[in-house]
Structures are given as C-alpha cells and as structure tokens.
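Down below is the structure, laid out as structure tokens.
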Number of protein chains: 2
Amino acid sequence: MARGRVTIREVAVRAGVSTATASRALSGNHPVPAATRARVVRAARELDYVANAHARALVGGGRKMAAVVVRQVTSPFYAQVAEGVEAEAADRGWLCVVGATGGDPQREMDFVRLMREEGARLVILVGGVVEDDAYRSRVAQYAQALDASGARLVLCGRPAPDPGIPALVVEFDNEAGARAITGYLLSAGHRRIVFLGGLPGNTALDARVAGYRAALAEHGLPPEAAHVVDCGLGRPAGLRAMTELLKGRREFTAVFAGDDMVAAGALRAIAEAALSVPDDISVVGYNDIPLAEDFNPPLTTVRTPAEELGRAAVRIALRDAASAAGRHHLLGTHIVVRRSVGPPRGAL
Amino acid sequence: MARGRVTIREVAVRAGVSTATASRALSGNHPVPAATRARVVRAARELDYVANAHARALVGGGRKMAAVVVRQVTSPFYAQVAEGVEAEAADRGWLCVVGATGGDPQREMDFVRLMREEGARLVILVGGVVEDDAYRSRVAQYAQALDASGARLVLCGRPAPDPGIPALVVEFDNEAGARAITGYLLSAGHRRIVFLGGLPGNTALDARVAGYRAALAEHGLPPEAAHVVDCGLGRPAGLRAMTELLKGRREFTAVFAGDDMVAAGALRAIAEAALSVPDDISVVGYNDIPLAEDFNPPLTTVRTPAEELGRAAVRIALRDAASAAGRHHLLGTHIVVRRSVGPPRGAL
DNA sequence: ATGAAAGCGCTAACAA
DNA sequence: TTGTTAGCGCTTTCAT
C-alpha cells in the first residue's frame with residue numbers, strides 16, 4: 001500500500017469513475033445512480049478513505065470549528081465551561097478545540113492567531129481579566145480580525161472593550177451573586193466579614209467586591225466595614241493569605257472567598273490553626289465547583305452554572321445575527337447553602 | 001475592505017512583489033533582501049494577514065497537530081492528563097486539540113476520524129476501557145489507518161489489542177499502586193477491606209483489583225477475604241454503593257475506593273451515616289486529584305502523576321521511531337499519606 | 001449521468 | 001534576487 005493518505009483519485013480509479021463522480025457519490029448532495037454510488041462507497045471503504053479536510057476546507061469554506069480558550073483546563077470552573085461549549089458544539093455537529101493559555105496574553109494571542117489560520121468560525125474567550133489598555137487593544141484587534149473573515153468572537157465573563165466592537169459577551173451577574181451571599185452572611189449575624197481573593201483590575205473579582213460592598217451598605221454598615229484582601233485566586237493564595245490573617249488578632253467572624261479554590265485554601269489554613277468552621281469562623285465561596293460539597297465542612301457558595309455558560313455562549317453566537325454584536329447577556333446565579341456558615345462566635 | 005480573508009496575493013500586490021516573493025519573505029526560510037522583506041511584512045501587518053492553514057497544510061504536509069481524546073474534561077484526572085499533553089505539545093510548537101467522548105465509542109470513532117481528516121499527526125487516547133472484541137477491532141482499525149497516513153497512535157492507560165499493532169502504550173502500574181496501598185491498610189491493622197468501584201472488564205480497574213488481591217494474599221489472607229463491590233466509578237456511584245454497604249452489618253473496617261471520586265462519594269455516605277473516618281472506618285482512594293487534600297478528612301491515596309503521563313505520552317511518541325511501535329511504558333506511582341486511615345476500631 | 005477542467009491559497013521547483 | 005509555473009486534494013461549474 002502506498003505510504004501517505006488515500007486520495008479521492010484512488011477511490012475513483014478503483015470504482016472506475018472520475019474524481020468528480022466519486023466526490024458527488026461520497027458527498028451525497030448530488031443525484032448519482034444508486035449502482036454507481038454503491039461502487040464508489042465500497043471502494044472508499046475498502047481503501048479506508050477519509051477526505052482531506054484541508055483540501056475540502058480550501059474549496060468549501062471550511063469545517064464548522066469552534067475554539068474555547070481558557071486559562072487552564074485543570075481549573076474545575078473552566079473545565080465545566082469548556083465542557084459546556086464542547087457539548088453544545090457537538091450537538092450541532094461542530095468540532096470543538098480547547099486551548100489553554102496559562103494566563104499569558106502572548107499565548108492567548110498566539111492561540112487566537114492559530115485559530116484564525118485554521119479558519120475557526122467561532123472563538124470563545126473565557127475568564128475574567130485585568131482590563132487595561134493592552135487588553136482593550138488586544139481584544140479589539142481579535143474582534144476586528146475575526147469579524148473581517150466572517151468569524152464570531154464571544155467573551156465569556158470578560159468585558160467588551162467597547163460596545164461598538166463586533167463581539168458578544170455572556171457572563172454571570174457577579175455583583176448580584178456576591179451581594180446575595182454577603183447578605184446571607186449578614187443575616188446569619190455576621191458584621192465583620194473579610195473578602196479574600198481580590199484581584200484589583202480583574203473584572204470578575206471587582207464585580208464581586210462591588211457586590212460585597214453593596215450588601216454591606218444595604219445593611220447600614222459604614223464603608224470601613226469592608227475588608228478586602230487582594231491575594232488573588234487559587235488554592236495556594238487562599239491558604240497563604242488566610243494563614244497570614246490568622247496570625248493577627250481576629251477582627252472578623254466570617255470570610256467570603258473570591259472563589260471555591262480560595263475557599264479550599266482558607267479552610268485548610270483554618271484547620272491548621274486548630275479552629276473550627278463554622279463554629280469559630282464562617283466561610284463561603286464562589287462557583288460551586290463539583291467537589292465543594294466534599295470540603296470540610298461542605299461549602300456554602302454561589303452556584304454559577306458553568307456548563308450552561310459554555311452552552312449559552314455557542315447558542316447565542318450561532319443564533320444572533322452579526323448585527324447583534326455588542327449584545328450583553330447576563331446569566332443568573334443562586335446561593336447553595338451547606339454547612340460552612342453558622343452564627344458568629346458568641347452571638348447566640 | 002473585501003469580505004472574507006485576505007490572501008497572500010493581496011499582500012504581494014500591496015508590496016509590489018509576486019506571491020512567491022511574498023511567501024518567501026514571510027516564511028523566512030529563503031534569502032530575501034531586507035528591504036523587500038520589510039515591505040512585505042509591513043503590507044501583511046497593515047492588511048492583518050494570516051496564512052490560510054488549510055492551503056499551507058495542503059502543500060506543506062500539514063501543521064503539527066496532536067489530539068487527546070478523553071472521556072470528559074471535567075474529571076480532574078483526565079483534565080490533568082490533557083493539560084500535560086497540552087503543555088508538552090505547546091513546548092514543541094505543536095497545536096493540541098482535546099476532544100471529549102462522554103464514554104461513547106461512537107463519539108470516539110467520530111473524533112478519531114475527524115482527526116484523520118484534519119491530518120493530526122499524533123492521536124492520544126486516554127483512559128481505561130472494557131477490553132472486548134469491539135474495542136480490539138476498533139483500536140486495531142485506528143492504529144492501522146493512522147499508521148497508513150504516517151500518524152502516531154498512543155494509548156494512555158489502556159491496552160494495545162495486540163503487541164504487533166502500530167501503537168505505543170504508556171500507563172501507570174495500577175497493580176503495583178493498588179498492592180502498595182492495600183499493604184498500607186494491612187499494616188495499619190486492617191484485615192477486612194472492601195474494594196469499592198470495580199468495573200469488570202475495565203483494564204485499569206481490573207489491575208487495581210488484582211493488586212488488592214495480591215496484597216491480601218501476600219499477607220497470608222485467604223482469597224475469600226477479598227470483597228469487591230462492582231459499582232463502577234464516579235462520585236454518585238461511590239455514594240450509592242457505600243450507603244448500601246452501611247445498611248447491612250459492618251463486615252469491614254476499611255474501604256479502598258477505585259478512584260478519588262468514588263472515595264468522595266464514600267466519605268459523604270459515611271458522614272451521612274454519622275460515622276467517622278478514620279475512627280470508625282478507614283478510607284483510601286486512587287489518583288490523588290488536586291482536591292483530595294481538602295476532603296473530610298484529607299484523603300490518603302495513590303499519587304498517579306497525571307500531568308506527567310500526558311507529557312510522557314507525547315515525548316515518547318515523538319521520540320520513538322515507528323519501529324518502536326508496540327512498546328509498553330510503565331510509570332510508577334506512590335502513596336501519599338494523609339488522615340483518612342487509622343487503626344481498625346477496637347484494635348487500639 | 002458523467003467527465004473535463006478550473007480554481008481554492010499556498011509553497012517549491014525551475015527559470016530568468 | 002525575483003517571477004513564472006505546477007500542483008497539493010477537493011468541489012463545482014460547464015460541457016457532453
């Protein structure tokens with residue numbers, strides 16, 4: 001057998017027809033007599049022929065391919081979003097590619113460029129970012145370039161640099177979610193709540209902090225009641241920051257972690273200090289990752305339907321006309337109550 | 001601006017050169033005077049040109065693309081393997097695509113076919129399977145087809161149907177890992193250990209069960225001492241099976257969960273029965289997923305360096321000559337001790 | 001109903 | 001150094 005891929009020419013020869021007929025028989029969108037088709041199909045199967053996607057794309061305008069770009073696949077939240085995109089894309093017969101950037105803007109740019117080269121028709125960028133000028137111009141460029149070649153860009157959980165830009169944005173209402181769970185802590189009696197995991201400039205986190213402050217204000221607390229620790233996200237950050245916090249005099253009765261991974265770190269730090277959750281300190285998280293229920297104790301958190309976010313991103317992108325660019329879609333969230341919150345120490 | 005992608009011809013026109021010169025200037029592997037190159041590069045940038053990967057692949061033999069196929073990205077273990085593949089591929093300038101099958105052989109076949117069409121040069125299939133005739137012929141077909149077009153197939157954690165087949169296999173030594181952790185339980189004094197999460201026919205699980213039985217035998221226990229519950233994997237399965245087990249009289253003092261997700265379910269079931277780990281029952285898992293440390297209590301488990309498995313898969317595939325097909329690589333594992341194991345109740 | 005031929009965008013021989 | 005040309009594998013007119 002010849003090394004290299006079997007081409008349609010070989011199939012045609014074996015079936016005793018021209019390549020044009022072979023192509024028609026295989027694609028099935030042209031009338032071809034059943035007998036001829038059968039011969040061609042059989043030849044193709046015998047040779048184990050698969051069409052060259054590149055050649056086909058070159059002439060036919062390309063395969064339906066979507067790309068999701070996340071920081072890392074091992075983050076439970078991102079993985080769920082990617083799975084949602086994957087599932088929705090698969091349902092529609094699209095191929096889905098996922099790329100990880102490790103948070104490096106350069107790798108993000110490279111990946112987007114790659115997707116442009118490959119002819120992806122849908123690019124989905126996931127996750128909050130620090131919204132600086134570099135970000136704005138980068139995204140404006142993606143949007144413009146993708147749009148020029150007829151592809152769609154959707155921003156998941158990150159802002160469009162400019163409403164006029166040809167990109168869709170779909171995200172959770174971070175401020176509302178944060179307000180709700182802060183309210184929950186407040187109604188459990190807590191008044192000194194620290195927010196752990198701020199990341200100044202990051203749009204998602206800033207919104208959560210804003211919701212936290214808003215809830216405090218609504219309950220009549222002065223602005224100084226807010227205590228935000230800007231340690232960033234991730235379990236190690238949460239562990240470190242909480243350990244630090246526990247060294248001083250405890251000025252708080254509850255902690256609101258920026259996401260569930262930070263909460264995991266905080267929980268661990270508290271346990272290492274031989275303190276109890278929720279008896280000594282109450283803790284809440286954000287995202288409700290699949291294993292939040294298995295933390296010690298099971299974590300009260302804000303459920304952000306991540307898979308639905310991914311599905312919505314492709315659904316919206318494929319439904320909306322290009323003219324709907326700039327549309328902003330907000331998805332709702334809700335609190336899931338477990339066992340990490342109790343009344344403040346001595347409140348009873 | 002013209003709708004659709006800008007081609008090299010437009011760049012050439014704008015730079016006042018032929019397409020060949022433009023191509024040479026852009027690719028950089030042919031001597032082109034600096035001045036000419038500068039003009040071309042500038043024209044390309046002004047037009048925001050990106051090469052059509054399909055056209056390039058058609059003539060140049062294709063981009064370096066690797067594909068990883070997993071059951072689901074939301075499984076922490078698979079996500080880590082995928083991240084390893086991704087990282088190693090990126091290090092070498094390869095594009096990496098990840099596909100999820102949901103465990104459906106049909107989707108697996110579709111995805112492999114797609115990858116053949118796209119010209120992937122490396123396909124990595126991850127995860128244990130039930131090794132039946134359908135599986136064997138499916139994989140034999142993948143291997144043969146991929147090999148015919150010069151692509152590599154690597155099987156991660158699943159067996160090659162036949163040593164002669166053109167595929168590499170790299171996996172963990174499941175039997176050794178299971179034997180070690182069972183031995184750990186045994187030396188803590190446990191004699192009645194149930195294995196939770198068998199999946200008869202699944203190669204990975206069967207190997208773990210074999211290791212478990214081997215350890216029991218080594219400690220002089222009779223074959224009847226083994227108690228395997230074939231509930232399959234996943235947190236819900238572990239929860240359900242453990243709940244069931246707890247209803248009867250407790251004939252065991254420890255449980256060896258088939259993987260950490262099963263352990264998570266089992267832990268939850270035990271907590272719901274108001275029993276304590278490790279005071280009443282000891283529990284161990286398998287894989288050491290990132291959050292195993294955050295379980296209640298922190299889980300003693302077998303560390304399988306998942307990311308390293310992914311990296312090794314691409315490293316080996318790219319290094320070994322095609323003639324090395326059929327080679328079998330075994331990666332080692334080790335126990336990580338945390339707090340879910342204690343002496344058996346009443347052993348003191 | 002089928003074949004011949006053009007052409008998708010690009011790179012690599014071959015000329016000049 | 002640069003341009004001309006052929007051709008990658010496929011689909012799709014346009015003839016027949």
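Just so it is clear, the values below take in all heavy atoms, side chains as well, and ignore hydrogens, waters and symmetry mates.
- The closest donor-acceptor contact from the side chain of B:R5 to the backbone of B:A51 lies under 3.5 Å.
- Screening A:V126, A:V69, A:L125 for a side-chain contact (heavy atoms from CB on, under 4.5 Å) involving A:C156 leaves a single residue, A:V126.
- Atom-to-atom, CD of A:E10 to P of D:dC8 comes out at 12 Å; the value is rounded to the nearest Å.
- When all heavy atoms of B:A66 and B:W94 are compared, the closest pair comes out as N-CE3, 3.8 Å.
- Distance alone, capped at 3.5 Å, places no donor-acceptor pair between the A:R311 side chain and the A:G84 backbone.
- The nearest whole Å value for the distance from the CZ atom in A:R9 to the P atom in D:dC10 is 10 Å.
- The residue among B:P33 and B:L58 whose nearest nucleotide of DNA chain D is located toward the 5' end is B:P33.
- In summary, contact between chain B and DNA chain C, defined as any nucleotide atom under 4.0 Å from a heavy atom of the protein, begins and ends at C:dG9 to C:dA13 in the 5' to 3' direction.
- Between the side chain of A:R107 and the backbone N or O of A:A100, at least one donor-acceptor pair lies under 3.5 Å.
- Under the 3.5 Å distance criterion, the side-chain polar atoms of A:R158 are matched with a main-chain donor or acceptor of A:G127.
- Checking side-chain atoms of A:H54 against main-chain N and O of B:E118 turns up a donor-acceptor pair under 3.5 Å.
- Taking all atoms of both residues into account, the shortest heavy-atom contact from A:A313 to A:I124 is CB-CD1, 4.0 Å.
- Of the candidate nucleotides D:dG9, D:dT12, D:dG3, D:dG3 has the atom nearest to the side chain of B:R24.
- Of all the residues in residues 34-45 of chain B, B:T36 reach under 4.0 Å from DNA chain D with at least one non-hydrogen atom.
- The distance between atom CD1 of A:I8 and atom P of D:dC8, rounded to the nearest whole Å, is 14 Å.
- The minimum heavy-atom distance linking A:F111 with A:V98 is given by the pair CZ-C, 4.2 Å.
- Within 4.0 Å (heavy atoms only), A:A51 reaches sugar-phosphate atoms of the nucleic acid but no base atom.
- Looking at A:R14, its side chain never comes within 3.5 Å of a backbone N or O of A:A43 through a donor-acceptor pair.
- The stretch residues 16-23 of chain A comes close to DNA chain C through A:V17, A:S18, A:A20, A:T21, each having a heavy atom under 4.0 Å from the strand.
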